K.L.:
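What follows is a structure written as structure tokens; I'll ask about it next.
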Amino acid sequence: MKTHTRAALTTLLCLNLLPAFAQPRMGAAPDGSGMNPAMAKLFGDNTTFTANLEDQINGSSAAGLRTIPGKIAFDSGKMRFDMNMGEAKGGEMDRAAAQMKSMGMDQIVTISLPDKKTSYMIYPGLQAYVETPMKNPEAGEPESDFKMQTTELGKETIDGHPCVKNKAVVTDEKGSTNEFTVWNATDMKNFPLKIEAHAGGMTITMLYKDVKFEKPDAKLFEPPTDYKKYDNQMNLMQQEIMKRMGGAMGGMHPPERP
């Protein structure tokens, strides 16, 4: 019983980390729902693409470098990010991976739909997903509301592609600014192969590889119709814990969505 309880508590802790780490963090909306308009502005005319993405977060010396590889699909503001927790490295990610795998939650897909102000976190291993409304007031705002000023810092090669290294400052209608360092590939429609920013004492870097400019299939931005739907992470987690413990955790009666 103690082992089951400890595993359940550890998994709940991992669950609290997921909104922060299961999708690209730099430029993410405050509610963890995906790319905000300031971030999207960096991609210029590249409004549809797919790519492999490695998100790197370098925090304090205690946390060290954390890396999250995955696949991203982007279409005019809509975003999907597929990841495997077993491939994430560093800090909390190393400790979380084995426990999430034991719960069938190591495969994670996040989808953000700013036009519908809705986001999804999908768990193929559980055949379940969580649907939550976006609370970010910027969600769905047109990119035209944001202005970007760039200053060239030099030229570098990223993954074999010639790039112009730019300082990019994105300003919204209220005068709030976001600052990035961006490596734009001159042989790939100025696509930002590398993006770097500083926030909360962390250096956050995004590296894009195998970029393809084809329009992603619209079905990629929809949750599977045969998966069970939850309206929050805790309800999903409680139900999965109870399944594995045979109802041993008396008093936990998660409300189910009809």
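Note that the structure is predicted; figures quoted are calculated from it, not measured. When reading the values below, keep in mind they use all heavy atoms of this one structure, side chains included, and skip hydrogens, waters and symmetry mates. Residue numbers count from 1 along this sequence.
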K.L.:
Judged by atom type as modelled, is there a donor-acceptor pair below 3.5 Å linking the side chain of Asp217 to the main-chain atoms of Leu220?
P.N.:
no
K.L.:
From His161 NE2 over to Leu193 CG, what is the distance, rounded to the nearest 0.5 angstrom?
P.N.:
6.0 Å
K.L.:
Using side-chain contact (heavy atoms from CB on, under 4.5 Å), reason through Val170 and Thr177 one step at a time and then give a plain yes or no.
P.N.:
CA-CA 5 Å; Val170 183; Thr177 61; over 6 Å; no
K.L.:
Please determine whether side-chain contact (heavy atoms from CB on, under 4.5 Å) holds for the pair Glu196 and Thr203, giving the CA-CA distance in whole Å, both sets of side-chain angles, and the decisive distance to 0.1 Å.
P.N.:
CA-CA 7 Å; Glu196 185 177 277; Thr203 299; 4.0 Å; yes
K.L.:
Does any part of the side chain of Leu42, heavy atoms only, come nearer than 4.5 Å to the side chain of Ile195, both counted from C-beta?
P.N.:
yes
K.L.:
What orientation do Phe191 and Tyr208 show, parallel under 30°, tilted 30 to 60°, or perpendicular over 60°?
P.N.:
perpendicular
K.L.:
Arg80 and side-chain contact (heavy atoms from CB on, under 4.5 Å): which partner among Leu113, Ile111, Ile72?
P.N.:
Ile111
K.L.:
Are Phe180 and Leu153 joined in one hydrophobic group, where the rule is that I, L, V, M, F, W and Y side chains link up if heavy atoms are under 4.5 Å apart?
P.N.:
no
K.L.:
Would you tell me whether Ser119 and Thr132 have side-chain atoms, one donor and one acceptor, within less than 3.5 Å of each other?
P.N.:
yes
K.L.:
Is any side-chain heavy atom of Lys194 less than 4.5 Å from a side-chain heavy atom of Glu156?
P.N.:
no
K.L.:
In sequence, state the C-alpha distance, the side-chain angles, and the governing distance for Glu152 and Lys165, and then conclude on salt bridge (charged side-chain N to carboxylate O under 4.0 Å, His left out).
P.N.:
CA-CA 6 Å; Glu152 184 174 331; Lys165 181 180 178 181; over 6 Å; no
K.L.:
Side chain of Lys41, backbone of Phe146: donor and acceptor closer than 3.5 Å?
P.N.:
yes
K.L.:
Hey, what do you get for CE (Met85) to CG (Asp106), rounding to the nearest 0.5 Å?
P.N.:
8.0 Å
K.L.:
In the structure I gave you, are the side-chain heavy atoms of Tyr230 and Gln239 within less than 4.5 Å of one another anywhere?
P.N.:
yes
K.L.:
If I compare all heavy atoms of Leu126 with all of Gly104, which pair ends up nearest, and what's the gap?
P.N.:
CG-O, 3.6 Å
K.L.:
Measuring from atom NZ of Lys229 to atom OH of Tyr120, what distance do you get when rounded to the nearest 0.5 angstrom?
P.N.:
6.5 Å
K.L.:
For the CG atom on Asp45, are there more than 12 heavy atoms of other groups (residues, nucleotides or ligands in this structure) within a distance under 6.0 Å?
P.N.:
no
K.L.:
Going by distance alone, is a donor N or O of one side chain under 3.5 Å from an acceptor N or O of the other, for Asn52 and Lys209?
P.N.:
no
K.L.:
Are Phe213 and Leu207 linked, directly or through other ILVMFWY residues, by side chains that come within less than 4.5 angstrom of each other?
P.N.:
no
K.L.:
Looking at every heavy atom in both Val130 and Asp231, which two are closest together, and how far apart are they?
P.N.:
CG1-C, 4.0 Å
K.L.:
Below 4.5 Å, heavy atoms only, C-beta onward: do Lys117 and Pro133 meet side chain to side chain?
P.N.:
no
K.L.:
Using side-chain contact (heavy atoms from CB on, under 4.5 Å), reason through Met237 and Met105 one step at a time and then give a plain yes or no.
P.N.:
CA-CA 10 Å; Met237 195 69 246; Met105 301 178 73; 3.8 Å; yes
K.L.:
Within the structure provided, determine whether Met121 and Ile108 are in side-chain contact (heavy-atom separation under 4.5 Å).
P.N.:
yes
K.L.:
For Met83 versus Pro69, what's the shortest heavy-atom pair and its separation?
P.N.:
CB-O, 3.9 Å
K.L.:
Do the side chain of Thr118 and the main chain of Lys116 share a donor and acceptor less than 3.5 angstrom apart?
P.N.:
yes
K.L.:
Could you walk me through whether Lys189 and Asn46 pass the side-chain hydrogen bond (donor to acceptor under 3.5 Å, both in side chains) test, one step at a time?
P.N.:
CA-CA 7 Å; Lys189 305 178 183 178; Asn46 300 300; 5.2 Å; no
K.L.:
Is it the case that one hydrophobic cluster holds both Phe74 and Met188, taking links as side-chain heavy atoms less than 4.5 Å apart, direct or via other members?
P.N.:
yes
K.L.:
Would you give the length of the straight line joining atom CG of Asn235 to atom NZ of Lys228, rounded to the nearest 0.5 angstrom?
P.N.:
9.5 Å
K.L.:
With no hydrogens and no angle check, is any side-chain donor or acceptor of Asp172 less than 3.5 Å from a backbone partner on Lys174?
P.N.:
yes
K.L.:
Identify whether Met148 and Trp183 are in the same connected component of the hydrophobic contact network (ILVMFWY, side-chain heavy atoms under 4.5 Å).
P.N.:
yes
K.L.:
Check the hydrophobic clustering (I, L, V, M, F, W, Y; side-chain heavy atoms under 4.5 Å; chains of links allowed) and say if Met206 and Val169 are grouped together.
P.N.:
no
K.L.:
Taking everything shown except Glu222 itself, do over 12 heavy atoms lie less than 6.0 Å from its CD?
P.N.:
yes
K.L.:
Kindly indicate whether the side chain of Thr171, heavy atoms from C-beta on, has any atom under 4.5 Å from the side chain of Ser176.
P.N.:
no
K.L.:
Which atom pair, heavy atoms only, marks the closest approach of Ser112 to Met134?
P.N.:
CB-CE, 3.4 Å
K.L.:
Is there side-chain contact between Pro162 and Thr186, with heavy atoms separated by less than 4.5 Å?
P.N.:
yes
K.L.:
Which value, rounded to the nearest 0.5 Å, describes the distance between Thr205 atom OG1 and Leu65 atom CG?
P.N.:
8.5 Å
K.L.:
Using a 4.5 Å cut-off on heavy atoms from C-beta on, say whether the side chain of Ile122 contacts that of Pro224.
P.N.:
yes
K.L.:
So, Asp75 side chain and Lys78 main chain: donor-acceptor pair closer than 3.5 Å or not?
P.N.:
no
K.L.:
Looking at Ala128 and Tyr227, what are the two nearest heavy atoms and their distance?
P.N.:
N-CD2, 3.5 Å
K.L.:
CG of Asp55 to CZ of Arg66: how many Å apart, nearest 0.5 Å?
P.N.:
10.0 Å
